[in-house]
Protein chains: 2
Amino acid sequence: MNALFKALDDPTRRKIIELLREKDLSAGEIAEAFNISKPSISHHLELLKKAEVVVAVRKGQFIMYSLNTTVFDELAKWVMDLLKKDK
Amino acid sequence: MNALFKALDDPTRRKIIELLREKDLSAGEIAEAFNISKPSISHHLELLKKAEVVVAVRKGQFIMYSLNTTVFDELAKWVMDLLKKDK
DNA sequence: TAGGTATTTAGACAAATATCTAAATACTGT
DNA sequence: ACAGTATTTAGATATTTGTCTAAATACCTA
């Protein structure tokens, strides 16, 4: 969970997540959505990967990124537990 | 949401949240749960307050902290939207 | 109002983070 | 095997963050 919360604590990474919610994208396509250098985006993708928020698969010349929503199930559970009225 | 994600990106602050889930506590009581100086805890509480995760009310000599779960509703919504299958 | 307890503010410092440019790696097609 | 495209790795730098100690503020009680 630590890595997940770290991954979510950045507007760029949250925007990447929202982009990937629409459809899978290559690293280059993701980078085009930002005014940030490709290496920086690559770094953000690395953190998202470490947190298991995204999965990277090479497709020939490209590396395609997609969301792994599994990890959000855990987050949803964490939040729901907090919201439960009875201790 | 930015402040909320920042607030959640720290193990100490997440533990504070879980302590406050059990019952309201004074700043001192919270500090006792950690091997961290009181000023540091005070700083964490400040961030949690900024994120509207906690509410502070002075009760005489003490300042009592309690959770404001409202902000987690928003987070739950954010997570649920991500998990929605369609689009 | 003086002394004690609770908490925060101020200021310093080390570690972590986001960003950049330059270079390295991996693949494609001729 | 070479030239081009896609992406990451390396190394540097400025900013942010978590922590500390010392001092300030706020309240209580005698």
Side-chain angles (χ1 to χ4, degrees), chain A residues 1-68 71 75, chain B residues 1-68 71 75:
Chain A
M1 286 286 269
N2 223 315
L4 175 58
F5 283 116
K6 186 189 298 302
L8 295 179
D9 181 18
D10 182 277
T12 299
R13 290 194 290 270
R14 289 199 302 275
K15 191 170 169 199
I16 290 174
I17 290 170
E18 274 151 28
L19 288 175
L20 290 177
R21 188 166 179 278
E22 304 301 317
K23 63 172 197 275
D24 297 355
L25 295 169
S26 68
E29 288 173 318
I30 293 169
E32 279 165 23
F34 300 89
N35 281 328
I36 292 179
S37 71
K38 281 174 188 183
S40 293
I41 294 294
S42 185
H43 169 244
H44 286 304
L45 289 170
E46 175 65 21
L47 289 185
L48 288 168
K49 215 168 11 174
K50 275 202 180 113
E52 298 179 83
V53 168
V54 304
V55 175
V57 176
R58 181 175 279 278
K59 280 282 159 60
Q61 217 167 351
F62 303 85
I63 297 183
M64 297 303 293
Y65 281 86
S66 54
L67 274 190
N68 167 33
V71 71
L75 176 58
Chain B
M1 286 286 268
N2 221 315
L4 175 58
F5 283 116
K6 185 189 302 299
L8 295 178
D9 180 19
D10 181 276
T12 300
R13 290 194 290 270
R14 290 199 301 275
K15 191 170 169 201
I16 290 174
I17 290 170
E18 275 152 28
L19 288 175
L20 290 178
R21 188 166 178 279
E22 304 301 317
K23 65 171 195 276
D24 296 356
L25 294 169
S26 69
E29 288 173 319
I30 293 169
E32 278 166 23
F34 300 89
N35 280 328
I36 292 178
S37 71
K38 281 174 187 181
S40 294
I41 294 295
S42 185
H43 169 243
H44 285 306
L45 289 170
E46 175 65 20
L47 290 184
L48 289 168
K49 216 166 15 173
K50 275 203 180 110
E52 297 180 82
V53 168
V54 304
V55 176
V57 176
R58 181 174 279 278
K59 282 280 159 61
Q61 217 168 350
F62 302 85
I63 298 183
M64 296 303 293
Y65 281 86
S66 54
L67 273 190
N68 167 33
V71 71
L75 176 58

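No hydrogens, no waters, no symmetry mates; every other heavy atom, side chains included, goes into these values. As the structure is a computational prediction, the values presented were derived from the model and not from experiment. Residue numbering restarts at 1 for every chain, and letters A, B, ... go by the order of the sequence lines.
Side chains of L20(A) and I16(A) form a contact here, defined as non-hydrogen atoms less than 4.5 Å apart. Here the side chains of N2(A) and R14(B) are in contact, with some heavy-atom distance below 4.5 Å. The side-chain heavy atoms of L67(A) and V54(A), taken from C-beta on, include a pair separated by under 4.5 Å. The shortest distance between side-chain heavy atoms of F62(B) and E29(B) does not fall below 4.5 Å.
Under a 3.5 Å cut-off, the side chain of N68(A) and the backbone N or O of V55(A) do not form any donor-acceptor pair.
With the nearest nucleotide of DNA chain C identified for both K6(A) and N35(A), K6(A) has the one nearer the 5' end. Summary of the strand contacts: S40(A) and H43(B) both lie near DNA chain C, and taking for each the nucleotide with the nearest heavy atom, the more 5' one is attributed to H43(B). Nearest-nucleotide positions on DNA chain D place Y65(A) closer to the 5' end than the other of Y65(A) and D9(A).
When DNA chain C is scanned 5' to 3' for any atom under 4.0 Å from a heavy atom of chain B, the first and last hits are dG4(C) to dT9(C).
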Can you give the donor-acceptor pairs under 3.5 Å from side chains of residues 31-41 of chain A to other protein atoms, not counting sequence neighbours?
residue	atom	partner	partner atom	Å
S37(A)	OG	S40(A)	N	3.4
S37(A)	OG	S40(A)	OG	3.1

Mind listing the side-chain donor-acceptor pairs of residues 3-11 of chain A below 3.5 Å, one per line with the distance, residues two or more places apart or on another chain?
residue	atom	partner	partner atom	Å
D10(A)	OD1	T12(A)	N	2.9
D10(A)	OD1	R13(A)	N	3.1

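Summarising the geometry of I63(B) relative to R58(B), their closest heavy-atom pair is CD1-NH2, 3.8 Å, with the distance given to 0.1 Å.
Atom-to-atom, NZ of K59(B) to P of dC28(D) comes out at 12 Å; the value is rounded to the nearest Å.
From K50(A), atom NZ reaches atom CG of L48(A) across 11.0 Å, with rounding to the nearest 0.5 Å. Here NZ of K59(A) is found 8.0 Å from CG of D24(A). Values are rounded to the nearest 0.5 Å. With rounding to the nearest 0.5 angstrom, the NE2 atom of H43(B) is 10.5 Å from the CG atom of L45(B).
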Show the distances under 3.5 angstrom between N or O atoms of the protein and N or O atoms of nucleotides 10-15 of chain D.
none

Are there any protein N/O atoms within less than 3.5 Å of an N/O atom in nucleotides 3-6 of chain D, and if so, which ones and at what distance?
residue	atom	partner	partner atom	Å
dG4(D)	N2	Q61(A)	NE2	3.4
dT5(D)	O2	Q61(A)	NE2	3.0

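At a threshold of 4.0 angstrom between heavy atoms, the contacts of I41(A) with the nucleic acid are absent.
Annotation: proximity of residues 47-55 of chain B to DNA chain D (heavy atom, distance under 4.0 Å) is found for L47(B), numbered in ascending order.
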